[in-house]
Amino acid sequence: MANRAPVRTNNSALIAMIADEDTITGFLLAGVGNVDLRRKTNYLIVDSKTTVKQIEDAFKEFTTREDIAIVLISQYVANMIRFLVDSYNKPIPAILEIPSKDHPYDPAHDSVLSRVKYLFSTESVAGDRR
């Protein structure tokens, strides 16, 4: 525990989103949207015209912004940048993969779930040795 990096805390933090238009609209209606003074938003709407480079840039921006605590990303979008999602290892912002209307959730591709399974399998093996 002593060698862990301290987790920064803010009085308020945002949820960022990278998803299809219907998913983003639902979260915006719930009050999750934000536009700052520089006209930067906390979401990226992915459609057929969105390039992988735009998705990568948004993911990198959201994971480096100090005011974002959680990044919600549709699983099918995360699959487009799987190498970035799987290599991300910081606790904040947390990356959560969510299903979308047109693409069902597949637990086999969820990076968070695979990490949790790995940790529990390691702990159970270590616990059996005691």
Side-chain angles (χ1 to χ4, degrees):
M1 287 280 223
N3 60 355
R4 283 192 170 179
V7 176
R8 65 181 186 275
T9 57
N10 294 337
N11 290 336
S12 65
L14 299 173
I15 297 175
M17 300 160 291
I18 304 173
D20 61 281
E21 185 174 14
D22 291 339
T23 303
I24 297 288
T25 301
F27 279 98
L28 291 178
L29 289 171
V32 174
N34 184 60
V35 179
D36 66 11
L37 295 174
R38 292 170 285 151
R39 307 287 295 156
K40 286 283 205 178
T41 62
N42 63 328
Y43 57 88
L44 173 69
I45 297 174
V46 178
D47 58 16
S48 60
K49 298 175 190 151
T50 308
T51 64
V52 173
K53 174 86 169 99
Q54 289 173 311
I55 298 169
E56 289 174 3
D57 291 345
F59 183 83
K60 289 175 185 174
E61 177 192 342
F62 293 154
T63 54
T64 56
R65 279 178 52 177
E66 293 287 321
D67 61 339
I68 292 180
I70 299 171
V71 177
L72 299 177
I73 183 168
S74 289
Q75 192 175 49
Y76 83 95
V77 176
N79 287 337
M80 294 181 199
I81 58 166
R82 179 59 56 196
F83 64 96
L84 275 177
V85 174
D86 287 346
S87 65
Y88 183 80
N89 59 4
K90 295 179 184 169
I92 295 177
I95 309 300
L96 299 176
E97 296 179 29
I98 59 173
S100 66
K101 184 174 77 171
D102 299 326
H103 301 86
Y105 174 75
D106 183 5
H109 291 127
D110 191 335
S111 61
V112 173
L113 186 60
S114 65
R115 289 178 190 175
V116 169
K117 283 181 180 179
Y118 174 77
L119 288 174
F120 277 115
S121 67
T122 304
E123 287 179 5
S124 64
V125 169
D128 292 342
R129 292 182 186 166
R130 292 181 190 165

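If you read the sequence from its start, that first residue is 1, and numbering goes on from there. For the numbers below, each heavy atom of this structure counts, side chains included, while hydrogens, waters and symmetry mates do not. Computed from a predicted model, the values in this text were never measured in an experiment.
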Review point. Measuring from Asn42:CG to Arg65:CZ, what's the distance to the nearest 0.5 Å?
Key: 6.5 Å
Review point. Is Ile70 close to Leu96 at the side-chain level, that is, under 4.5 Å between some pair of heavy atoms?
Key: yes
Exercise for review: Quick one: do Thr23 and Phe27 satisfy side chain to side chain contact (heavy atoms under 4.5 Å, CB included)? Show the steps, please.
Suggested key: CA-CA 6 Å; Thr23 303; Phe27 279 98; 3.9 Å; yes
Practice item. Apply side chain to side chain contact (heavy atoms under 4.5 Å, CB included) to the pair Ile73 and Ile81, showing each step before the final yes or no. Key: CA-CA 11 Å; Ile73 183 168; Ile81 58 166; 4.0 Å; yes
**Study point:** Short side-chain to backbone donor-acceptor contact, Tyr88 and Phe83, under 3.5 Å
**Key:** no
Point to revise | Check ion pair Lys40-Asp36 (N to O, under 4.0 angstrom) | key: no
Check your understanding: Does a side-chain heavy-atom distance below 4.5 Å link Thr63 with Ile95?
Key -> yes
Check your understanding: What do the steps show when you test Ile55 against Val77 for side chain to side chain contact (heavy atoms under 4.5 Å, CB included), and what is the final call?
Key -> CA-CA 8 Å; Ile55 298 169; Val77 176; 3.7 Å; yes
Practice item. Please assess Ile68 against Ile92 for the test side chain to side chain contact (heavy atoms under 4.5 Å, CB included), listing each intermediate value before the final yes or no. Key: CA-CA 8 Å; Ile68 292 180; Ile92 295 177; over 6 Å; no
Check your understanding: Is it true that Lys101 and Glu21 have a side-chain N and a carboxylate O under 4.0 angstrom from each other?
Key -> no
Review point. Which heavy-atom pair separates Ser100 from Asp20 by the least distance, and what is that distance?
Key: CB-OD1, 3.2 Å
Practice item. Kindly compute the distance separating CG (Asp22) from CG (Asp102), expressed to the nearest 0.5 Å. Key: 7.0 Å
Review point. Taking a hydrophobic cluster as the set of Ile, Leu, Val, Met, Phe, Trp and Tyr residues connected by side-chain heavy atoms closer than 4.5 Å, whether directly or through intermediates, do Leu84 and Tyr76 fall within one such cluster?
Key: yes
Check your understanding: Is Met17 close to Val32 at the side-chain level, that is, under 4.5 Å between some pair of heavy atoms?
Key -> yes
Study note, to complete from the structure: CD1 of Ile24 to CD1 of Ile18, rounded to nearest 0.5 Å, is 8.5 Å
Check your understanding: Is there side-chain contact between Val85 and Glu97, with at least one heavy-atom pair below 4.5 Å?
Key -> yes
Review point. Just wondering, do Met80 and Phe59 contact through their side chains at under 4.5 Å, heavy atoms?
Key: no
**Study point:** Val71 with Leu44, same ILVMFWY side-chain cluster at under 4.5 Å
**Key:** yes
Exercise for review: Answer yes or no: is there a side-chain heavy-atom contact under 4.5 Å between Ile15 and Phe62?
Suggested key: no
Exercise for review: Output yes when Lys49 and Asp47 qualify as a salt bridge under the 4.0 Å nitrogen-oxygen rule, no when they do not.
Suggested key: no
